[in-house]
Amino acid sequence: MYLADCEAMLVTQSEHGMTLVVRGGASIHVPALPVKVRDVSGAGDTVAAVLALTLAANADWETACGWRMPPLPSRLARKAPRP
């Protein structure tokens, strides 16, 4: 983090969730929600957007990592059109 000159790094870990490492602080692990996924297109962009908006609203890192999109009900996920 010192080489990148950033306050924190978010490491995505696919089906295992994500871990936020804050400079000089503890790591915060957020487990993934167990849902059947059909397409992960845009998932990382969504995570980055929610994190950025939450931080812009003056939330701390731990609170920002606690915001997650609720899983789409599986009956709707199966009917989602393929790209």
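Numbers for residues simply follow the sequence, beginning at 1.
In terms of the side chain to side chain contact (heavy atoms under 4.5 Å, CB included) criterion, residue partners of T19 (sequence neighbours excluded) are, by chain and number, Q13, V21, S27, H29. With sequence neighbours excluded, the residues satisfying side chain to side chain contact (heavy atoms under 4.5 Å, CB included) with L55 are L51, W61, A64.
Side chains of V47 and M18 form a contact here, defined as non-hydrogen atoms less than 4.5 Å apart.
Taking every heavy atom of both residues into account, A8 and V22 meet most closely at CB-CA, 4.0 Å.
In this structure, the side chain of T54 engages the main chain of V50 through a donor-acceptor pair within 3.5 Å.
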